[in-house]
Amino acid sequence: MRNWSEWQVLRMADTPGEATLAEILDGGQSFRWQRNDDGAWTGVFGCHVAQLRPSPEGLAWRQPLGKPTIAKDLGLYLDAAGTQARAIDALPWRSDPFLASALARFPGLRILAQQPDEALLAFLCSSNKQIIQIRRMVAALADQLGEEIAPDFRALPGWAKLAQADPVTLKACGLGYRATFIQETARELERRPNWAKELGALETDALLVELAKLPGVGPKVAACVALFGFGRLESFPVDTWIEQILVEGYALKGWKRLALERFGRAHYGAAAGLAQQFLFAAARAQSKKPKG
DNA sequence: GACCAGGTGTCGT
DNA sequence: ACGACACATGGT
């Protein structure tokens, strides 16, 4: 049995409830969290391991014993300061009932502040795959190639490790044709240890262009990496879910993805990516079939 | 067995 | 610029 610290409470401006917490941790932005039998969540972000669970006082958390406290990193990762809550209020929900409905459905939903490398690797796996399969690929990459950061927990492998990885090992991670993309991107970024800092200095549009130059990164993956890995809340990824819900909600039948991306950024504004996450959650919740 | 999945790259017009 | 198709793998 693992040794964990005592539960502590993370003070948050707006504490997410159980359903919203599930959507934050298992809603297709990070792929490294798992729900335990007791309802708590166990996950890895960067080189940190944590468990989370809702509590009356706020969000409870703990970490493996024997490490410096991750309280500050966890607070940043979860936006405990509530920066996004203010950005959400600035969305055009007052004049957009469709958006307002999605916002009301997941109070406290937020974008996790993932590291650029983590977001890029995960979304390189994401193309043409279901979320559960992406989670398996990412877990396999950590298991096969990642450094152990606590007993039974491994970080994601760095680009150098991925670049030199045996193709057989990558194949065993269930990556399919994405293995080539990942290795080609890894070989490029291995030579650019400061890539995230350099790209982070760019305006969002330039950042998207640079990201899309990497093998296996197109407009959608680039938008996800900008949003989830670089904290660009205006970035607006358009995937099958968003395409469908925008066409439905705003009568945009026939619009292509690039046009929908421009629509989203224009309509929702500076926090379009946040709006996107609410719409994504609403779309998925709507399509979930009642179990019978 | 067919169809689809938080798409991308390539090759036609 | 736009549309059609292949791509590996597994099943919310």
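Because the structure is predicted, anything quoted here is derived from the model rather than measured. By convention in this document, chain letters (A, B, ...) are assigned in the order of the sequence lines, proteins followed by strands, and residues within each chain are numbered from 1.
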Original post:
A:Ile131 CD1 to C:dG10 C1': how many Å, rounded?
Top reply: 15 Å
Subject >> Between C:dC2 and B:dG6 - P atom distance, rounded Å >> reply: 26 Å
Subject >> Between C:dT9 (P) and A:Ile132 (CD1): distance, integer Å >> reply: 18 Å
Original post:
Any donor-acceptor pair under 3.5 Å between the side chain of A:Gln276 and the base of B:dG6?
Top reply: yes
**OP:** Using only side-chain N and O atoms of A:Arg136, determine if any of them is under 4.0 Å from OP1 or OP2 of C:dG11.
**Re:** yes
Subject >> A:Gln133 or A:Gly218, whichever maps to the more 5' nucleotide of DNA chain B >> reply: A:Gln133
**OP:** Hey, which sits more toward the 5' end of DNA chain C by its nearest nucleotide, A:Arg135 or A:Lys129?
**Re:** A:Lys129
Subject >> Nucleotide of B:dG6, B:dG7, C:dG3 approaching A:Pro237 most closely (side-chain heavy atoms) >> reply: B:dG6
Original post:
Any salt bridge between A:Asp89 and A:Arg94, counting N to O under 4.0 Å?
Top reply: yes
Original post:
Is any side-chain N or O of A:Lys171 closer than 4.0 Å to OP1 or OP2 of C:dT9?
Top reply: yes
**OP:** Name the closest nucleotide to the A:Lys220 side chain, picking from C:dG10, B:dG6, C:dT12.
**Re:** B:dG6
Original post:
Tell me: CG of A:Leu112 to P of B:dG6, nearest whole Å?
Top reply: 18 Å
**OP:** State yes or no: are the ring centers of A:Phe123 and A:Phe228 separated by less than 6.0 Å?
**Re:** yes
Subject >> Spacing between A:Leu170 atom CG and C:dA8 atom C1', to the nearest angstrom >> reply: 14 Å
Subject >> A:Phe280-B:dG6 aromatic stacking (under 5.5 Å, under 30°) >> reply: yes
**OP:** Take atom P in C:dA8 and the same atom in B:dC11, then report the distance between them in whole Å.
**Re:** 15 Å
Original post:
Above 12 or not: heavy atoms from other molecules or residues under 6.0 Å from CD of A:Glu147?
Top reply: no
Subject >> B:dG7 phosphate, OP1 or OP2, under 4.0 Å from A:Thr240 side-chain N/O >> reply: yes
**OP:** Answer yes or no: is there an ion pair linking A:Asp166 with A:Lys171, defined by an N-O contact shorter than 4.0 Å?
**Re:** no
Original post:
Starting at CZ of A:Arg284 and ending at P of C:dT12, how long is that distance when rounded to a whole Å?
Top reply: 13 Å
Original post:
Whole Å only: how far is the CG atom of A:Asp239 from the P atom of B:dT8?
Top reply: 10 Å
**OP:** Give me the ring orientation class for A:Phe45 and A:Tyr77: parallel if the planes are under 30° apart, tilted from 30 to 60°, perpendicular past 60°.
**Re:** parallel
Original post:
Rounded to the Å, how far apart are A:Ile134 CD1 and C:dG11 P?
Top reply: 14 Å
Subject >> Base-pairing string, 5' to 3', of DNA chain B - Watson-Crick or wobble, under 3.5 Å, | interstrand >> reply: ..|||.|||||||
**OP:** With salt bridge (charged side-chain N to carboxylate O under 4.0 Å, His left out) as the test, would you mind laying out the steps for A:Arg53 and A:Asp38 before giving the verdict?
**Re:** CA-CA 9 Å; A:Arg53 67 172 167 81; A:Asp38 61 3; over 6 Å; no
Original post:
Taking for each residue the nucleotide of DNA chain C with the nearest heavy atom, is it A:Arg178 or A:Gln130 whose nucleotide lies nearer the 5' end?
Top reply: A:Arg178
Subject >> Whichever of A:Phe181 and A:Gln277 has its nearest DNA chain B nucleotide further upstream toward 5' >> reply: A:Gln277
Original post:
A:Val221 near the nucleic acid: base, sugar-phosphate alone, or nothing, with a heavy-atom cut-off under 4.0 Å?
Top reply: sugar-phosphate
**OP:** Ignoring hydrogens and angles, answer whether the base of B:dG7 and the side-chain atoms of A:Tyr177 contain a donor-acceptor pair closer than 3.5 Å.
**Re:** yes
Original post:
So what does A:Leu227 hit on the nucleic acid, given a heavy-atom distance under 4.0 Å: a base, only sugar-phosphate, or nothing?
Top reply: nothing
Subject >> Between C:dC5 and B:dC3 - C1' atom distance, rounded Å >> reply: 16 Å
**OP:** Might you work through the salt bridge (charged side-chain N to carboxylate O under 4.0 Å, His left out) test for A:Glu188 and A:Arg192, ending with a clear yes or no?
**Re:** CA-CA 7 Å; A:Glu188 167 142 6; A:Arg192 297 164 57 187; 3.0 Å; yes
**OP:** Please state how far atom CZ in A:Phe31 lies from atom P in C:dT12, giving the value in whole angstrom units.
**Re:** 16 Å
Original post:
Would a line drawn from the ring center of A:Tyr250 to the ring center of A:His267 be shorter than 6.0 Å?
Top reply: yes
Subject >> Residues A:Arg187, A:Glu184: salt bridge by 4.0 Å N-O rule >> reply: no
**OP:** Looking at every strand, decide which applies to A:Gly28 at a 4.0 Å heavy-atom threshold: base, sugar-phosphate, or nothing.
**Re:** base
